[in-house]
Amino acid sequence: TARDSLYTGRGVFLTLRLAIRAIDGWERNEPEKHHAEVLRWFTLAAEQGHVLAQYNLGEALLGAAFTDSGGRPMLTNQQALSGAVQWWERAAAQGHAEAAYSLAGLYERGEGLPKDQTAAVRLQTAAADQGHASAQCALGWRYAKGDGVARDALEAQRLFSLAAANGHPDAIVALEQ
């Protein structure tokens with residue numbers, strides 16, 4: 001719309017601020033009246049290349065039960081999952097660790113994507129290399145068990161130590177075993 005192009009022209013940060021304001025309204029009162037606005041503003045910011053908007057749009061599409069005013073879902077599960085994958089792939093390509101970790105989980109489970117342990121390991125490694133504690137811990141378990149990678153107790157220990165240093169409770173437990 002003309003209004004959307006006006007905000008797009010003003011820059012991604014204004015668009016993102018409007019998305020955040022829509023979320024505030026969504027959380028405070030009558031979420032069914034605000035979900036479409038949240039999606040619209042995050043989509044505008046995501047299309048402009050804003051990595052946090054891309055990640056959050058994927059989260060919103062996948063995790064939220066968006067319904068119309070009649071209580072009917074706006075998207076099928078497959079539409080939501082396809083949208084989440086699309087935006088997380090863009091965010092991960094820009095180095096967003098949580099997007100990479102989220103995509104790794106989808107590849108690992110074969111949820112919305114073909115099951116692909118190689119892709120899961122690659123994405124977990126990318127996230128772990130950026131200090132993502134959950135990715136470090138998950139990758140540590142992979143190396144400890146030889147799941148999708150060659151079994152390597154030293155690498156598992158290194159990854160658990162990194163994750164524990166980042167405060168991951170499961171990594172702390174793994175180091176105590």
Side-chain angles (χ1 to χ4, degrees), residues 12 16 19-20 23 26-27 31 35 38-39 42-43 45-66 73-177:
V12 68
L16 190 56
I20 292 166
I23 288 174
W26 176 39
E27 291 174 343
H35 61 268
V38 169
L39 288 176
F42 269 127
T43 300
E47 287 171 346
Q48 293 176 65
H50 194 282
V51 69
L52 291 176
Q54 292 169 345
Y55 171 72
N56 285 320
L57 180 55
E59 279 290 305
L61 288 167
L62 187 62
F66 288 117
M74 289 176 52
L75 301 170
T76 66
N77 286 342
Q78 188 56 46
Q79 288 172 319
L81 193 53
S82 294
V85 167
Q86 170 193 347
W87 292 111
W88 284 348
E89 284 176 342
R90 290 184 184 189
Q94 292 189 68
H96 193 279
E98 187 65 34
Y101 181 69
S102 296
L103 273 173
L106 295 178
Y107 275 114
E108 188 170 28
R109 295 184 302 275
E111 189 176 335
L113 295 164
K115 196 169 190 174
D116 185 342
Q117 295 304 313
T118 302
V121 169
R122 177 180 51 78
L123 289 160
Q124 283 176 338
T125 301
D129 288 348
Q130 293 178 62
H132 191 284
S134 294
Q136 292 166 335
C137 188
L139 205 51
W141 282 115
R142 282 185 175 280
Y143 279 100
K145 297 175 183 178
D147 180 17
V149 295
R151 191 173 182 161
D152 185 337
L154 290 175
E155 182 64 4
Q157 181 80 14
R158 183 186 78 78
L159 287 161
F160 287 140
S161 294
L162 288 170
N166 284 322
H168 198 286
D170 293 341
I172 295 167
V173 171
L175 288 171
E176 293 172 352
Q177 293 179 356

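Owing to the predicted nature of the structure, the values given are computational and were not obtained by experimental measurement.
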Under 3.5 Å, which donor-acceptor pairs link side chains of residues 118-126 to any protein atom two or more places apart or in another chain?
residue, atom, partner, partner atom, Å
Q124, OE1, R142, NE, 2.6
T125, OG1, V121, O, 2.7

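Rounded to the nearest 0.5 angstrom, N56 CG and W87 CH2 are separated by 12.5 Å. Atom CD of Q117 sits about 5.5 Å away from atom CD of E108, to the nearest 0.5 Å. Distance NE2/H50 to CG/L57: 13.0 Å, rounded to 0.5 Å. Note that the CZ atom of F42 and the CG atom of L52 stand 9.0 Å from one another [nearest 0.5 Å]. Interatomic distance, NZ of K115 versus CG of L106, reported as 12.5 Å (0.5 Å rounding). Interatomic distance, T43 OG1 to L61 CG, rounded to the nearest 0.5 Å: 6.5 Å.
The minimum heavy-atom distance linking A127 with A135 is given by the pair CB-CB, 3.6 Å. Scanning both residues, A92 and A99, for their nearest heavy atoms gives N-CB, 3.8 Å. Closest approach of Q136 to G131, counting heavy atoms only: NE2-CA, 3.5 Å. Taking all atoms of both residues into account, the shortest heavy-atom contact from A46 to A53 is N-CB, 3.6 Å. Closest approach of D170 to C137, counting heavy atoms only: CB-SG, 3.9 Å. Residues G58 and A84 approach most closely at O-CB, 3.4 Å, considering heavy atoms.
When the side-chain hydrogen bond (donor to acceptor under 3.5 Å, both in side chains) test is applied to Y55, the partners found at least two apart in sequence or on another chain are E59. Residues satisfying the side-chain hydrogen bond (donor to acceptor under 3.5 Å, both in side chains) criterion with H96, sequence neighbours excluded, are absent altogether.
Among residue pairs with one or both ends in residues 147-161, those qualifying as side chain to side chain donor-acceptor pair (under 3.5 Å) are E155-R158; sequence neighbours excluded. Annotation: ring-ring contact (aromatic ring centres under 6.0 Å, His included) contacts involving residues 104-123, sequence neighbours excluded, are absent. Screening residues 87-99 for salt bridge (charged side-chain N to carboxylate O under 4.0 Å, His left out) gives no qualifying pairs among residues at least two apart or on separate chains.
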